[in-house]
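Per chain, numbering begins at 1; letters A, B, ... match sequence-line order. These numbers come from a predicted model, not from an experiment.
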Protein chains: 4
Amino acid sequence: MIAKPEFQPSDPNFETRCRDSFNRQPAMHLIGATISRLEPGFCEVELIRRHEVTQQHGFVHGGMVGMIADGAAGYAAYSLFPADATVLTVEYKLNLLAPADADRLLARAQVTKFGRTLTICHMDVIAVTAEREIACATGLATMMCLLGRPDAPRK
Amino acid sequence: MIAKPEFQPSDPNFETRCRDSFNRQPAMHLIGATISRLEPGFCEVELIRRHEVTQQHGFVHGGMVGMIADGAAGYAAYSLFPADATVLTVEYKLNLLAPADADRLLARAQVTKFGRTLTICHMDVIAVTAEREIACATGLATMMCLLGRPDAPRK
Amino acid sequence: MIAKPEFQPSDPNFETRCRDSFNRQPAMHLIGATISRLEPGFCEVELIRRHEVTQQHGFVHGGMVGMIADGAAGYAAYSLFPADATVLTVEYKLNLLAPADADRLLARAQVTKFGRTLTICHMDVIAVTAEREIACATGLATMMCLLGRPDAPRK
Amino acid sequence: MIAKPEFQPSDPNFETRCRDSFNRQPAMHLIGATISRLEPGFCEVELIRRHEVTQQHGFVHGGMVGMIADGAAGYAAYSLFPADATVLTVEYKLNLLAPADADRLLARAQVTKFGRTLTICHMDVIAVTAEREIACATGLATMMCLLGRPDAPRK
């Protein structure tokens, strides 16, 4: 309901930095999630339905819905962080609105409030079929900026 | 802080029913999660760390932590449901307390309030190593009982 | 981010019903909150800052912010309920974004998903001064419809 | 479910500091809430039912329940903070479990995870009558420590 804020990323190289970080996450590879859109303060993560990510009714598992929502929120926030920082999920809350009954899910996260330490994001997960788009989840996440911590695997 | 409630399951066959349902979830197979303990109103889901479920720092991915927490809460609630019902996650909220830096995670969910329609669960995720157990996440979930809906894949 | 849904209230008398119910809440009188706008699926609650509702820094107390947000969500949902129902807050989650440093707060709640049993609302609390409007809180609430229960004081 | 942690307050004068801060909150005076118990990492806030804090069914208003829960969490966290800091609610989530139908409510908050910047608390609100105690709400809160900020009214 509040107008979408306009953000100026402090790191001009934010897109490569976010995509590289996402690609270093084996868990996102495992489930088959990809970043489908990235803007300063906004990230969309796509998940294609295949048997391996479903639950007992054949819909995409709610845990997978949460996972791509959290992922999108993390990179929406991370896109605004300085180059030498990493991102940490403090907490998130998700309401599941409808079964994720679609061939394709899009988790969209938008930064609502950007702060030096904490950044708050709204998240929506959309189930996309040929005929329609329906909201299957909505939520809020609090992300933390850790300065001077490399966003890379431990050696 | 409130004493753990004692629950009498309405379905004496609750354990088989829960384990069968869990096993019908391809997503839990994909990530390698299993039910390690099940009691009326309580469920523990175990996840062994392997490369495929980690994030960029080598810890278990926060989305995986959320997924097993939500799964544990679902079956903690489902254990108390009548035999002809299915379970739906209405919403959950998770605080990530520490990196999931351990070879083994245990997501424990306990029903706090059982209701005919809505059941509320507390969730804790514990990172277990040879030396110690630390809480890596804590949360709350609202589960819904859908009567007369089979808990099985659509044909 | 999802387009605002259009709702058709099942009770044409929804406005009177909501305002009467709100007026039966002594707690809202105590803090000085009023319904400033009401539409099907939408409610705005206004709170004027006076000394009695502040915290130690002179801002409106966060608990008051939560109270008007929850109140707005309750009536946003209740506006869509049948005439013979009452509304119950199942749960809510609120992120406080900025100090409520303004002479006037507006809590706006919009139904995102209307259901027979559960209705989900987004909530925003805006701090309004002569110069600007800033978001001081944002949240999500799950409301429950109790059919056949009068929305009136017990005798 | 996790064992209650033992905390050593960094400020030996924590009790006076917390009670003084609470007493500087006009909003808590307005609703009639008081601190009934305070320990390092734990706070209990009491609210006596009187007409002014009820909703349309004569129970204590859910917003009041949230307000004392948030207040308890704030002082549970603040009890562990250094002497020259103030406390800020980042976010909280509350599940309302039963109507607050009692003459006396006790909101109990326990720090689960203490951190230099963020502190996480569990909250329970208990409805106390002569015959019984029932849980009427449970929740989680994230509190922030602001160092070097006086916890006092602006001049």
*Asks:* Check whether A:H51 gets within reach of chain B through its side chain, its backbone, both or neither, counting any heavy atom under 4.5 Å.
*Replies:* both
*Asks:* Between B:P26, B:A69, B:A141, B:S21, which has the largest tally of heavy atom pairs under 4.5 Å with chain A?
*Replies:* B:P26
*Asks:* Go through it in stages, so that I can follow the logic: the residues are B:H57 and A:T86, the test is side chain to side chain contact (heavy atoms under 4.5 Å, CB included), and I'd like the CA-CA distance, side-chain angles, deciding distance and then a yes or no.
*Replies:* CA-CA 10 Å; B:H57 300 101; A:T86 190; 3.4 Å; yes
*Asks:* Could you grab the distance from atom CE of A:M28 to atom CD of B:E52, nearest 0.5 Å is fine?
*Replies:* 15.0 Å
*Asks:* Can you find a side-chain donor-acceptor pair between A:Q55 and B:Q25 that sits under 3.5 Å?
*Replies:* no
*Asks:* If you count heavy-atom pairs under 4.5 Å with chain B, which of A:L96, A:I31, A:I68 comes out on top?
*Replies:* A:L96
*Asks:* Please report the interatomic distance CE(B:M67) to CE(A:M67), rounded to the nearest 0.5 Å.
*Replies:* 7.5 Å
*Asks:* To the nearest 0.5 Å, what is the distance between CZ on B:R24 and CD on A:Q56?
*Replies:* 6.5 Å
*Asks:* Could you have a look at B:D70, B:V53, B:T89, B:L94 and say which one has the most heavy-atom pairs with chain A under 4.5 angstrom?
*Replies:* B:L94
*Asks:* Taking all atoms of both residues into account, what is the closest heavy-atom pair of B:L30 and A:R50, and its distance?
*Replies:* CD2-NH2, 4.2 Å
